[in-house]
Every structure is written in C-alpha cells, then in structure tokens.
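Take a look at the structure below.
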Amino acid sequence: MPREDIAQFTIRSVQVLAEDGTVDEDLAPSLSDDELLDCYEAMKRARRLDERAISLQRRGELGTYAPAIGQEAAQVGSAFAMDEDDWIVPSFREQSALMVRETPPQQILEYAMGMEEGAEIPVDEHALPPAIPVGTQPLHAAGVGWGEAIQESPNVALTYFGDGATSEGDVYEALNFAGVYDAQTVFLCQNNRYAISTRLEDQTAAETLAQKAIAAGIDGVRVDGNDVLGVYRVVSEAIERARDGDPTLVEALTYRRSMHTTSDDPSVYREAAEEDEWEARDPIVRFQVYLENRGLLDEETKATIDERVESEIADAIDRVNAARDELDPADMFRHVYAEQPPELERQAAAFERKGDRDG
Amino acid sequence: MPREDIAQFTIRSVQVLAEDGTVDEDLAPSLSDDELLDCYEAMKRARRLDERAISLQRRGELGTYAPAIGQEAAQVGSAFAMDEDDWIVPSFREQSALMVRETPPQQILEYAMGMEEGAEIPVDEHALPPAIPVGTQPLHAAGVGWGEAIQESPNVALTYFGDGATSEGDVYEALNFAGVYDAQTVFLCQNNRYAISTRLEDQTAAETLAQKAIAAGIDGVRVDGNDVLGVYRVVSEAIERARDGDPTLVEALTYRRSMHTTSDDPSVYREAAEEDEWEARDPIVRFQVYLENRGLLDEETKATIDERVESEIADAIDRVNAARDELDPADMFRHVYAEQPPELERQAAAFERKGDRDG
Amino acid sequence: MADRLRMVEAVRETLRAELERDDSVVVYGEDVGRAGGVFRATEGLLDAYPDRVFDSPVAEAGIVGVGVGLAATGLRPVAEIQFQSFLYQGFHQLAQHVARIRSRTRGTVTCPMTIRTPYGGGIHALELHSESFEAGFAHVPGLTVVVPASPAETAGLLTASVRSPDPVVFLEPTRLYRSFREEVPADHELPLGEARIVDSGEDLTVVAWGSMLRETLEATAELDADIEVIDPRTISPLDTETIVESVRKTGRCVVVHEAPRTSGMAGEIIARITEDAFYYLETPVERITGYDVPVPLFAREDAYLPDADRIEAGIRRVLDRN
Amino acid sequence: MADRLRMVEAVRETLRAELERDDSVVVYGEDVGRAGGVFRATEGLLDAYPDRVFDSPVAEAGIVGVGVGLAATGLRPVAEIQFQSFLYQGFHQLAQHVARIRSRTRGTVTCPMTIRTPYGGGIHALELHSESFEAGFAHVPGLTVVVPASPAETAGLLTASVRSPDPVVFLEPTRLYRSFREEVPADHELPLGEARIVDSGEDLTVVAWGSMLRETLEATAELDADIEVIDPRTISPLDTETIVESVRKTGRCVVVHEAPRTSGMAGEIIARITEDAFYYLETPVERITGYDVPVPLFAREDAYLPDADRIEAGIRRVLDRN
Ligand SMILES: Cc1ncc(C[n+]2csc(CCOP(=O)(O)OP(=O)(O)O)c2C)c(N)n1
Ligand SMILES: Cc1ncc(C[n+]2csc(CCOP(=O)(O)OP(=O)(O)O)c2C)c(N)n1
Ligand SMILES: [Mg+2]
Ligand SMILES: [Mg+2]
C-alpha cells in the first residue's frame, strides 16, 4: 500500500429557491398551492409572534425570549416535511417549527412567561419540551429514533440545534449513536452563524457543519436555510432515509437577524452592515416574491393572512395573561415524582401553611 | 447553485514496513542503525514487561493491568518521534510509550500495584499521569498544546487513546478545541479493534477513525499501527505540523493481542482464529525480520538485548516490592490540597490515633 | 428464581425476568451484550433477548441521554454505566433531563429509566472504580437513588426500580457482587422509599447501606449491646420515619458511609434526626465515613474505607458517652 | 480599584488586575471575549489582553478539561462557565481530573484553575439558569468551593482564588451582580477557608451565604434579638471553627441555603455542629432551604426561593423554643 487513499467524502449544498425568487424546477418539491400558502402563513405567524414577544418583553410582560427572526424558512420548511406522527425535538428557539406542529402560540408565550404550562405535551403529541442546555436534545432524538426502530415503527425524530451546539460532545455522541443503532433521526443544525456572540470561526475549524456527520459515518448535507423550498426538499429526503434507518445531519445555513435573546445586544459583537446584508436575504421576502410571481399571493391574500395572524396572536396573549393570573405556585411540588414522597409532602404542607414550619 | 459540491475530504493510509519485512524506501524514515536497534529494544522491553506483569498479576502480586501486547509498534514508533520536551499524555495502556520517554518500569509496576508513587511525574518531565476514564485526556493534551502555543514554545503534546474513546464526546471536543486554538497537539488513536469486548462496528458507523478529524476541521490520517517505521514517519510529520499549530488525528490500526486487562477473558467475545491472524502480523516479528535483513540484528545481539531487558525488569520488580513494603497509607491525606485544611488535618490525626475519634 | 444466588446473579436474573415480563424493557450499556458485562451481570441476556439487549458505544452522556428518547417512545430503558464514576460523564443528562422531564412537562412526559452501576470500593480496582457519590445524586430532585445490600434485596429493589414510573439510579456495591449467596424469591418486588430494620435493638441505632451494612453487622456482632441496624436502601427519597422512630427509641445513633465525609449523606441523616428526634438524643450522632480525600489507589484503599473496627470503635464511643 | 463597584464590576476589575499582575493568567469561556460575557463580567478584557483572553466553543467539558493542560504548561486558567448548571457538562473533568491531579501525582502535577460561574436564582432567568449545587461540588475532595456575597468580598475571594495553588469553583450569585455597590480596596486578597462574622450576636447564629446572606440580613433587621450572622464564604473546605464557636456561644442556630434541602450543605453544617457543639445547643438547629423540587420556571421561582420572611419566621421559631 505505502500511501493509499482509503476513504473519500463530499459535502453537497442545495438551493431550490434562489435569492431573486426564481426556482430550480428540477428540484422544486411538489407542494400544492394551498400547501405553499400554508407555509407562507406559518412563516408570517412565526415572524409576527417573535416581534410581539420582543415588544411584550420590553414592556416587562415576558421573560427572556429567543426570537428566530430570519430563520423561519429553516424551521417552517423542515417542520412541514414531517408526518404527523414524527417527533419534534426542539431547542429553545423553535417557535416557528413548533407552531407548524400545532403548538398553540399561547403555550409558547406561557413558556416565555416562566410557566411550566408552556412545556406540557398533549397526549399523543410526538414532541419533547424545549431543551435549554445547548446540545443536549440531539441525544434524546437519537433515543427516540432508536426507540422507534426497535419498535419497528415508521416514525422519525427531527431535532433542532444551532451551530454552537455542534461543539458540545453530546451532539457528536448523538450522531454517533444514531449511526450505530440505525436511529430514525434527522439532525437539523440551523447554522445562524452565531452562538450568542461567538462567530463560527471561533467555534470550529471545520469549513462546514454538515461535515461533522462524517465523524459518525452518517450522511451530511448543507442547504440554503433561507430557502424554504430547499429546506423542505432536503429534509423530506432526509426523513425518508431516516425511516429506513439512515440518519442524516442537515446543515441549514441561515442568519439570526435579531438578538440572541431579549437579554442580548448584538451591536456589541457584529456590524450593522452584516445585518443589512442578511435583511436583503430574508427568507420571507424571497418566498413572497416567488409566490407573487406564481400568482398565488396578491395584496388581498396578504392582508387576510396578516389579519388572521394578528388576531390569533392577540387572542393568545389574552389567554396567557388570564392563565398567569391563576397560576398555583404549589404546583411545583406535584410533578417531581409520580407519587409524592413523604418528605416532599411535608415540604408542600409547610409551604401552604407558610411559616408554621419550614420545608 | 441548485446542487453543488462544496467540500471534499480524503483519508489516506500509510505503510512503510510491509508485513513481509520489506520497506518502502521512499517513505522510510532516516533513522540511524543505533536508533533502529533502540527502537527494537524498546519494543522488546515493553513486550517483556507486559508478559511479566501478567504473570505477576496471576500470582496476586499486581492489581488490574492493561497489557499492550501487539501494540508496541504504535506506541514505540510514536514515542520515538517526540522531542525530549514534547509532552506525553497517556491513557492506561501506554507503558510501551512511557518507557521510551524514560518512565522507569518500576513506576509502571508501582502504579499497577495500586501505589500513587507510580504516577508521580519527575520535575521537568513533560508528562501527565495515566488517565483511567476513557477519552478524558485528549482534552488535557489539547490544553497543553494550546498552552504551549500561547507561550510560543515549540513543544507539542502527543496523546494516546483507543478506538472506544473516539465515541466519547470529550475526544471530539478535544479535536475541535485543538482546531480552533491551533493547539500544538497530535492525537494518536490506537485502533486496536476492541473496546473491551465491543467491536468497532458497534462503536461507530464511521469506516475509519481518522475521518473523525474532519468534524473538527483538522488533518486525519491512518497508518499501519503494526509498522513501527510507518508510525514513526506519520507521527513525526504530524508533530512537525503541530509545532506550527496544525493538530492532526492519527489512527494507528493495530490489534490488542492479549486481554483488555488482566480481569478480562477475550475468548468470551472473539475467535482464536482472529487472534492467530494477528499473531502473524505481530509488530515485533515484522521489525525483527527487517533488521535481520538489513544485517543489524544477529542472534548474539538479540540475546544481549533480551538479557538486558530481563534483568532491568527483574530489578524493577525487586525495587517495587521493597517500595510496597514501606508504603505509608497516611500519605493519602498529604496531597489533597497544597496546604492541609483543618478538617483534613483532624481526619489525618484521627486516622493515626485509630479509634480515638473517627475522621 | 427462588434460588440461592450471589448479588451479581440476582441482578442478572431480575433483568431476565423483567425482559421476559415486559416487552418494553430494553437493556443496554458498554459491554453488556456479547461479553455479558464486565462483572457478568448481564450474561446470557443478549442471547435470550437479541432485539432488546445492546452493546453501547463508550459514551456515558449518550447512554443516559438516549434513555430520555427511548422512554418517550414508550420503552423502559435499563442502562448500565460500567462504573459509578463514569456516570459523571452523563451527569448533565441526568440532572438536566432525566430527573426533571416529568416536572418540566407537568407530568406529560416521563422517564422511567433505571441506571444500574457498580459502586463503592473494596475490590482493589483501578483508580476511579471505587467511588460513592450517592449524596450528590440524592441532591438532584426527581431522582430515586437505591443501594441494595444483599442478593434478595437486589432482586426486590431492582424489580421495583425497573417498574418504577420515575428514574432510578441503582448503585450496586461491587464488593458484595460475589461475596455471599442468599435465597432469592421469584418475582420479588420490594417497595422503594422504605428502609429496612435489619436488626432490632434498644441501645443504639446504626444507619448503614451497601457494603458498609456488612461491615456494620460484623461490628455489632462483636458488641455486647442491643443495637438496631437500619438499612435505608433507598437513599433518596429517604425514609425518615423509620430512622427517626428508631433514634427516638434508642437515643443514640451512628451513621456509616464510605463516601467522603464532607457533604455526604450522613450529614442529611443527622439533620433529619436533629429536626425530628433532637430531644430524644442522649448524645450526639456520630458518623463513620470515608475521609475527605480522593479514594486512593488500592494499595492504600483499605486505609480509606471504614471497616468493622472503625465502626465498632465508633459505636463504643457513642454507647460509652452519656 | 478602591472604587464603589457592583459585584459584576468587582469580578471584572479583579480579573483585569490579575491579568496585569501575572502573565500566566489566561481568561476564557463562552462569550467572554468579544461580547465581554453575558453579564459583562469580562468586558474590556480582550481589548486589554488580546493574547490571554479567549472566546471558547460551546463545550463545557472542553472548557474544564483544557484547563488541566493549560495548567500543566505553567499557565493559570481562569475559566467562565456561563451558568452553574452547565458546569454539569464538565463535572467529570472536574471530579476525575481537576480536583485530583494533585493527589494522583503526589503533588507533582497541580491544577491551579479557577472556574467562575453565575449561580443561584432570583433573576427570573430561563430554566436551569438558577441552580445551586455547592453541596455536590463540596463533596468532591480537592476542590475549593467559594461563594462571595458582596462586591468587596468578591474581589478579595476571587483574587485569592486566582492565586490559589488549588482548583477553585467560584460561584457568583447572579442576583447580587448588580444589586448594590460597595467600596472595593485595590489589590484586595481575602483568605480562603475562613468564614466571616457579618454581625456579632449572643442569641442565635445564622449561617448563610450568597444571596441568602442578604435575605438573612433583611430578616435579622426585623428582629429584636441579638443575632450572629456568619457567612462561610468558602463552602469547602469549610471553616468549622468559626461556626462552632458561635453556636457554642449562642446555643441556637439556623442554616439557610437556596439549594434543595435534601443533601444540601445545611446537613453538613448541622452534622459538624452536632459533632462539636451538641452539648451547647439549647434547641435543634433549623434549616431554611429550597424545596426538594427542580427550581421552577420564573413564574413560580419566588415560591421556591427562601426569602427574608421565611428566614425571619425560622429564626423566630428557634428563638421561641426552649
Ligand atoms: C450547555 C449549555 N451551555 C451554555 C449555554 C448558554 N447558551 C445559551 S444559547 C448559547 C449559544 C447557542 O448557540 P447555537 O447553538 O448556535 O444556537 P442559537 O442560539 O444560535 O440558536 C449558549 C452558549 C446553555 N444554555 N447550555
Ligand atoms: C469514561 C469511562 N467509561 C468507561 C470506562 C471503562 N472502560 C475501561 S477501558 C474501556 C474500553 C476502552 O476502549 P478503547 O478506547 O478502544 O481502548 P483500549 O482499551 O482498547 O486500549 C472501557 C469501556 C472507563 N474507564 N472510563
Ligand atoms: Mg447559532
Ligand atoms: Mg480499543
């Protein structure tokens, strides 16, 4: 042998809907007009919820909130690619995807108001709650995808995480477990170029994040994350492969246009010029041009959608405010164990009596 | 773009000394005759220490011991490639490499007899003690290599770990940190095909372990780990690159010919036929044939080396037995903090008084 | 079952029975499959249940983390961590997810996972193969922490753990794995959260678990006093009542553990006794524990571990004080 | 310095001073560089010391683990973990290596590393941003665990931590980061391992640290009793003597912490008081603590955290008992 090339790998990137709103017809997914409009509406809803949430937070009515403005194509496109029984395993920025999966905006706001109610999973809904620790949930998704494989179910798990998360050992372990166990899992990395203030070049020397799949011996692919049709297509393909036990890491290249969370000020670490550049590449604008060009979206339809979204969110805000007022703090004792152990019972009683005897 | 290949990677494998003892002259490292013989002697010494250690353990004179029989080329070849001030960051199976770095066999036996004395690092010796938890020490090596870079020193760190270790998130984090910080580190993975009983295909879906480097954006290369000249060459090159801040993951493909540790019985999980196959590929035999063919090794030289090795080890055993008899158990209190805190002082005093008052 | 088994065999037969009883049980961990575990605690299970027993990659965060997902799909994960110290590699998954997914989701997602792991010292193993961190695990709300002390107890408590709707950290004292045999009834399930009164007595209470229970019994056998020995079995949630009642009766207490002294479980037990039995105490509670040093390598390990002598001396001191 | 600083500013100015004083100090962690830290605790340091301040990848095991290597080369790593709960991701590196490399090598390799991390609740942060696990860290021999309670204390203790030959886990109560200003002397170094008597008194001893100290002082201000308030400052190794002497004098004691009750540091402190001051106690020591539940999301967080009212009520109970 002396010197021999023994393995070769290629990372491919996909774009279906170009920045100018034109589409590659060969690659365009076959979505009906209604589906395309649903997709558009979901992106608008997500954007609007984020905007409202930011202003509620500014008025002190909400806690820390992580908007996904600019990432709607990556989230909505991928969530649309899932079947109803597929699992969503989100991080803390996935409101756009969660709403496609029919998490009501009320729950998202509840969570942002610091209420566990916002992380309740309805019976039969295949979802896990948002994971706050970066990079932990891909392992859960590997477990779900493995569990479904063990049970010979067709369901797959789709998990979301960021560019920063790829530095966590857990994410690598998740990819590796998925590879070993033929887990029915799709790993969607939204590379929005920042982990809070940290730029990609301080995160890894890897030129793409998709190539992290190679370490685990699974497929890796990049897609333009601001191209909702491209994301839909690539994730759909990945989901189909996952149903057969072949996991994929999809890197969706996008940009977080607003702050990391409402506690963050991006002007500290990035230039306005960069933000402007990405404003021009906004995923909603691009998709809108495409829909307009196809004659699917006129001013009236747009207005109807905007109004519907606006009133849904307004309703949600009313409902969550009401829910907050009825919050029972003693609830914190109720779900620690299936059955309350005596010591915890004692503590709960002490809490109710207040001051009689401490916890 | 629609679909575009954006990144390409190749994993190369190197062999200098073929199984039949012939050498690729283009790739052969320029080692003097004395160096070649030193290398041979180091391999013999390592083999013999392992054999003696196993039989001492069988007689109850040693604790759990992890022999590296079959892996001498990987360890000795790489350790020979280091400069005196380079750092060795070993796991628990690196006695062959450690002895090249002049850890006396006595210390190795002390460690195997459960004495902390075996993990003492002499002043100015650039080494860390053996890491028992799998996959933890590559991070230390990344830190050493980064620290040397910060201080603009030419020293590099060479760390050893196994195929199983590559599944640990820590190893991936180490590669990634090294890539980001241009750490002066070489990561040497001895792929001996087993992590205790676990075969490579249950460890990862990756076809090579060298490709795990791609995830971190650093170089990855495979070498025949039973070819001491190949290992020397590949690791030398990696070390030179590391001096310039380019870390490398080297996968040395080898085979653990004996048990995982003296607590392990490999016949439970692998076939004798497989072991026989690898006996034929033994790294010492191959190197011996080469040296004989080059006229460097005759029966007399072999006998001299064997005798020297034998008596060194016998001496070491005598010394360690003496050291064991003088062991002060109260020593366990002395090195927990630089200065003993009062509570620990009290516990140490209680220990000495025995029974007067407990810790 | 109903055989005379060693502890490690009780583990194995319990897992076998639970795999048989419940299709949703899956067993996985490093080397648990083809090799049957480094202590042979899972020997034969892969052959018997090839679709539900798995060798895992060497990745403890992974082993713990995938359990959350397996459980979400309706499976009942029973994972082995090869030695307790290596559960530290997955401590974040344990504390951030396994322990709290129930409370995070108001009971709508749960993680009925059992994590078995060899625990404690006394077998002259390698570095970091002899630790006991039960106090740290007990400080994480939502976890159940169990330490069995005999083969039958192991079967009973492990059965309950596998069946528990909550996550259990099941710490198996390696030193007891093969140390003695005991009759183990079939389909034996013991309640979690209930201490066992191993010996009844009036003069003094000793609280001890795992291999320290055996040392304690050796010590009390030497003593000419009427000693009550309590094995909490479940370290968390702790059965305060049994301990407190005993101390109210005896007025004297010694708590034993092999974990380092500072911030160990003895502190918690002493606090509970202080809260609920202070006025019954005739003399301060003593604790006999490991020292505040890393467990030394095995040549010095015996000096670290509390043994029957130290326990006996401690009991004598507490008995002699008035 | 010698300015009136907030706690977060005291952190920053201390780090600046240590970077200036000692070329071997390196500061790194997630977002500590260009952004100056999510709490701005490292603002301006990258500009001032561009070769010794680094943004890290999001990888806490890595952040802790590389510290062992940095230290081996003679550097003095000062790492930030963005929130205390995320130190769990690196707990194995902390317990298996950082804490014990000195004892493993009989003092020939050491790890003088400081790990700073925001700690505790009360700022209405996200899930897992409000935990306090000091008891778990204190259970690991070899670590020094510090919790400061004011800007000047922060400067003094952080200076000592950075200069310490041993690894320090430095837990910064986020709730106090910006809550008040205090005169901070220049080059202020306070001893580690020594408690501070914050208020002297004869009637009762309260032991409290971090933001619970402030709640305690609010509570004692309401009380018409002569209360001694002790801030241990160093949680481990704990200054037993100061606490025990105080309790011997007052005969009554309340221990306060916001961590969950079970297996928290109050247990350890009560055990030490039991050992060394039992016969001086007029009434059992009480503890006022967080409940044994995961810290809830912030809408319920105030119900979880001990506050001045609960502490005051607890002190009253202990004072009123006889
Ligand atoms: C384990 C862990 N470490 C650190 C943090 C603090 N933190 C929250 S978000 C974040 C950056 C995540 O970046 P990325 O993965 O790119 O996701 P993005 O925020 O861009 O969506 C960090 C460091 C955390 N939540 N969990
Ligand atoms: C963190 C951790 N997990 C598990 C173990 C138990 N263990 C010791 S060696 C080993 C296998 C290591 O395999 P590999 O990395 O291939 O190294 P090799 O033993 O083949 O040299 C395991 C699982 C350990 N020591 N540390
Ligand atoms: Mg990001
Ligand atoms: Mg191996």
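Quick note on labels: first sequence line is chain A, next is B, and so on, each numbered from 1.
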Which atom of [X] lies closest to which atom of [Y], heavy atoms considered:
X: B:Pro133; Y: C:Leu128; value: CG-CD1, 3.4 Å
X: C:Leu126; Y: B:Thr64; value: CD2-O, 3.8 Å
X: C:Val58; Y: B:Gln203; value: N-OE1, 2.8 Å
X: B:Leu62; Y: C:Phe298; value: C-CZ, 4.5 Å
X: B:Met332; Y: C:Pro296; value: SD-CG, 3.7 Å

(request) Report the option among C:Ser56, C:Ala59, C:Pro57, C:Gly33 that has the most heavy-atom pairs separated by less than 4.5 Å from atoms of chain B. (result) C:Pro57
(message) Heavy-atom pairs under 4.5 Å with chain B - which of C:Arg316, C:Glu301, C:Glu60, C:Glu312 has more of them than the others?
(response) C:Glu60
How long is the straight-line distance from [atom2] of [Y] back to [atom1] of [X], given to the nearest 0.5 Å?
X: C:Asp31; Y: B:Tyr269; atom1: CG; atom2: OH; answer: 8.0 Å
X: B:Phe92; Y: C:Glu127; atom1: CZ; atom2: CD; answer: 12.0 Å
X: C:Phe86; Y: B:Glu168; atom1: CZ; atom2: CD; answer: 9.0 Å
X: C:Tyr304; Y: B:Phe333; atom1: OH; atom2: CZ; answer: 9.5 Å
X: B:Gln347; Y: C:Thr262; atom1: CD; atom2: OG1; answer: 6.0 Å
X: B:Arg346; Y: C:Arg261; atom1: CZ; atom2: CZ; answer: 5.5 Å

Is [X] in contact with chain B via its backbone, its side chain, both, or neither, using a 4.5 Å heavy-atom distance?
X: C:Phe54; result: neither
X: C:Gln89; result: side chain
X: C:Gln82; result: side chain
X: C:Ser85; result: neither

Is it the backbone or the side chain of [X] that comes under 4.5 Å from a heavy atom of chain C, or both, or neither?
X: B:Asp328; value: backbone
X: B:Thr204; value: neither
X: B:Ala112; value: backbone

(request) Name the option with the most non-hydrogen atom pairs under 4.5 Å to chain C; the candidates are B:Thr166, B:Val134, B:Ile132, B:Val171. (result) B:Ile132
(message) Quick check for you: among B:Ser167, B:Gly118, B:Pro130, which has the greatest number of heavy-atom pairs under 4.5 Å with chain C?
(response) B:Ser167
(request) Mark yes when over 12 heavy atoms from residues, nucleotides or ligands other than B:Glu339 sit less than 6.0 Å from its CD; otherwise mark no. (result) no
(message) Please output the residues of residues 192-202 of chain B in contact with chain C, using a heavy-atom cutoff of under 4.5 Å, in numerical order.
(response) B:Tyr194, B:Ala195, B:Ile196, B:Ser197, B:Thr198, B:Arg199, B:Asp202
(request) Show the numbers, then the answer: is there a side chain to side chain contact (heavy atoms under 4.5 Å, CB included) between B:Glu110 and C:Leu297? (result) CA-CA 10 Å; B:Glu110 281 172 344; C:Leu297 298 190; over 6 Å; no
(message) Run the side chain to side chain contact (heavy atoms under 4.5 Å, CB included) test on C:Asp292 and B:Val336 for me, step by step, so that the C-alpha distance in whole Å, both residues' side-chain angles and the decisive distance to 0.1 Å come before the verdict.
(response) CA-CA 9 Å; C:Asp292 285 334; B:Val336 187; over 6 Å; no
(message) Measuring only between side-chain heavy atoms, which start at C-beta, is C:Arg300 closer than 4.5 Å to B:Leu327?
(response) yes
